[in-house]
Chemist: 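Can you keep this structure in mind? I'll have questions shortly.
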2 protein chains.
Amino acid sequence: MDSSERLIESARELLWERGYVGMSPRAVQRRAGAGQGSMYHHFSGKQDLAAAALRRSAAELREQAERTLSGPGGACERVAAYLLHERDALRGCRVGRMAQDPEVIAAPALREPVAETFAWLRARLAEVLREGAASGQLPGSLDPDDTAAALAAVLQGGYVLARAEGGAEPYERAVRGALALLTAQARPAATP
Amino acid sequence: MDSSERLIESARELLWERGYVGMSPRAVQRRAGAGQGSMYHHFSGKQDLAAAALRRSAAELREQAERTLSGPGGACERVAAYLLHERDALRGCRVGRMAQDPEVIAAPALREPVAETFAWLRARLAEVLREGAASGQLPGSLDPDDTAAALAAVLQGGYVLARAEGGAEPYERAVRGALALLTAQARPAATP
DNA sequence: GTCTATATAAGGATAGAC
DNA sequence: GTCTATCCTTATATAGAC
């Protein structure tokens, strides 16, 4: 792994742990085992490095979600699989975490990957929910866009509660609670 | 308003906007119109000041929630009123925001108000949901603790989505979506 | 490409005068 | 109680040698 690569991976970790404001170029360099010169050779500065790291994390999240959402099973089962996917609740979401940072929100290069990720996720979840309505698994009375937003929010909010309280329990409860509300709406999938 | 008071209020604003890592004593002093000496006379340092500000924000959140949750109407209506309470989605939650900050999580004096707030909120929401089950408005099949966690998470996650995408829409959708799932479970309240 | 100065500003706090 | 002076460290970046 070359040093540019190590810098990006180190930035990804530090962004996750400390956010953009809390990520210092020095700390990234130390963790990557690279010097000042190396970093400023590959990247124009802190923001440029963070943008590269963030784009990678956003792509990763998206690929991971797509794998589950386009997997086997009925619409409801795929949404459930996505919600129940194993996550470290206390670490939270690499992408969602950035949304709190005012400097991320203010810098288009940093904000775009974050905005796009969640716009995509909501749309993709809504699409699956629409399939569920079309197949009769879910009632047509549920607005798929609203439901999708609620489900995406439960995950992001679950992280907040878990970190606040110092344990994964609130996250797990939130996911279970949301899933219970959703599946209460579903009839068993047609089993062909 | 004396200068101690102004310092706390300024700290509250800056914590909200920039988080604990991003809040510098200098910036608080400037906003409060107070000097170094004044701040260090009233508070032992950044953490002490932030703790005072955070305790106040936590108390405020709790009082606000309690007003709605102990208000008039059936259980379901009170939960709905709490969810629909007007909030600035792009600014987010003064307390929830702190949960992302590693230095807040690491410092007991900062973390406690955050942890207590959400533990209380989940418990209080669950209590109201239990009332709803007892009165027959909600089905006994819903786990009140799980549902409460899901609802609290929807709000916190709604803020994340809103900030990420730069508009209140995802927040509003998330709240509507969650409420739709909940009220689909409810029968009309007994109208005595 | 990477290293070692070097630079300016800010962070966070202390000391002592008034 | 508040002000000013001072302190050491870190953040972020540039410059130029190798």
Side-chain angles (χ1 to χ4, degrees), chain A residues 1-56 97-98 100-111, chain B residues 1-56 97-98 100-111:
Chain A
M1 195 157 70
D2 66 359
S3 103
S4 160
E5 190 61 24
R6 288 201 316 275
L7 283 163
I8 292 183
E9 284 304 316
S10 300
R12 259 160 50 85
E13 293 304 306
L14 279 165
L15 281 177
W16 199 11
E17 291 168 17
R18 309 192 34 84
Y20 182 71
V21 170
M23 174 195 101
S24 80
R26 271 188 189 221
V28 177
Q29 293 154 24
R30 208 172 331 129
R31 190 174 293 215
Q36 297 263 87
S38 181
M39 183 195 129
Y40 283 100
H41 172 75
H42 293 291
F43 304 94
S44 71
K46 172 178 175 171
Q47 181 175 312
D48 189 37
L49 171 55
L54 197 39
R55 282 195 302 271
R56 180 172 299 184
R97 191 201 200 298
M98 299 294 106
Q100 300 304 317
D101 199 304
E103 297 186 22
V104 168
I105 295 311
L110 297 173
R111 181 199 195 130
Chain B
M1 196 158 69
D2 66 357
S3 103
S4 160
E5 191 61 23
R6 289 202 316 276
L7 283 162
I8 292 183
E9 283 304 316
S10 300
R12 260 159 51 86
E13 292 305 305
L14 280 165
L15 281 177
W16 200 11
E17 291 167 17
R18 310 192 33 87
Y20 182 71
V21 170
M23 175 195 100
S24 80
R26 273 184 187 224
V28 177
Q29 294 153 24
R30 206 171 333 126
R31 189 174 293 215
Q36 298 262 88
S38 181
M39 183 194 127
Y40 283 99
H41 173 73
H42 293 290
F43 304 95
S44 72
K46 171 179 175 171
Q47 182 175 312
D48 189 36
L49 171 55
L54 198 39
R55 281 194 302 269
R56 180 172 299 183
R97 192 203 199 298
M98 298 296 106
Q100 300 304 316
D101 199 306
E103 297 187 21
V104 169
I105 295 311
L110 297 174
R111 182 200 195 130

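In what follows, chains are A, B, ... by sequence order, proteins preceding strands, each numbered from 1. What you see below is based on every heavy atom in this structure, not just the backbone, and it leaves out hydrogens, waters and symmetry mates.
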Chemist: If you look at every heavy atom in A/Ala53 and A/Leu15, which pair is closest and at what distance?
Modeler: CB-CD1, 3.9 Å
Chemist: Quick one: CG on B/Asp101 to CZ on A/Arg97, what's the gap to the nearest 0.5 Å?
Modeler: 7.0 Å
Chemist: Of the nucleotides D/dT2, C/dT14, C/dT2, which has the atom closest to the B/Gln36 side chain?
Modeler: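 Among the listed nucleotides, the one closest to the side chain of B/Gln36 is C/dT14.
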Chemist: Would you say a side-chain N or O of A/Ser3 is under 4.0 Å from OP1 or OP2 of C/dG1?
Modeler: no
Chemist: Under a 4.0 Å heavy-atom cut-off, which of residues 8-30 of chain B touch DNA chain C?
Modeler: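 B/Met23, B/Ser24, B/Pro25, B/Arg26, in order of number.
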Chemist: Provide the closest heavy-atom pair for A/Leu110 versus A/Leu54 in the form atom of the first, atom of the second, distance.
Modeler: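 Between these two residues, the closest heavy atoms are O-CD2, 3.4 Å.
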Chemist: Of the residues in residues 41-49 of chain A, which ones touch DNA chain C at a heavy-atom distance under 4.0 Å?
Modeler: A/His41, A/His42
Chemist: Does any N or O in the side chain of B/Arg18 come within less than 3.5 Å of the main-chain N or O of A/Pro102, such that one atom is a donor and the other an acceptor?
Modeler: no
Chemist: In whole angstroms, how far is the C1' atom of C/dG11 from the CE atom of B/Met39?
Modeler: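 My rounded result for the distance is 11 Å.
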Chemist: Taking the side chain of A/Tyr40 as its heavy atoms from C-beta onward, which of C/dT2, C/dG12, D/dA13 lies nearest to it?
Modeler: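 Selected nucleotide (nearest to the side chain): D/dA13.
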Chemist: Among B/Arg30, B/Lys46, B/Gln36, whose side-chain contact (heavy atoms from CB on, under 4.5 Å) with B/Pro25 holds?
Modeler: B/Lys46
Chemist: For A/Gly22 and B/Val21, which heavy atoms make the closest approach, and how far apart are they?
Modeler: CA-CG1, 4.0 Å
Chemist: Provide a list of protein-nucleic acid N or O atom pairs under 3.5 angstrom, restricted to nucleotides 16-18 of chain D.
Modeler:
none

Chemist: Please state how far atom CD in B/Glu5 lies from atom C1' in D/dG1, giving the value in whole angstrom units.
Modeler: 16 Å
Chemist: Using 4.0 Å as the upper bound for N to carboxylate O, is an ion pair formed by A/Glu9 and A/Arg31?
Modeler: no
Chemist: Minimum heavy-atom separation for B/Asp48 to B/His42, with atom names?
Modeler: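 Closest approach of B/Asp48 to B/His42, heavy atoms only: OD2-O, 4.4 Å.
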Chemist: Evaluate B/Met23 against B/Val28 for side-chain contact (heavy atoms from CB on, under 4.5 Å), listing each step before the verdict.
Modeler: CA-CA 7 Å; B/Met23 175 195 100; B/Val28 177; 3.7 Å; yes
Chemist: Mind listing the closest non-hydrogen atom pair of B/Gly45 and B/Met39 along with its distance?
Modeler: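 Taking B/Gly45 first and B/Met39 second, the nearest heavy atoms are C-CE, 3.9 Å.
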Chemist: Closest approach of A/Gly19 and A/Met98, non-hydrogen atoms and distance?
Modeler: CA-CE, 4.0 Å
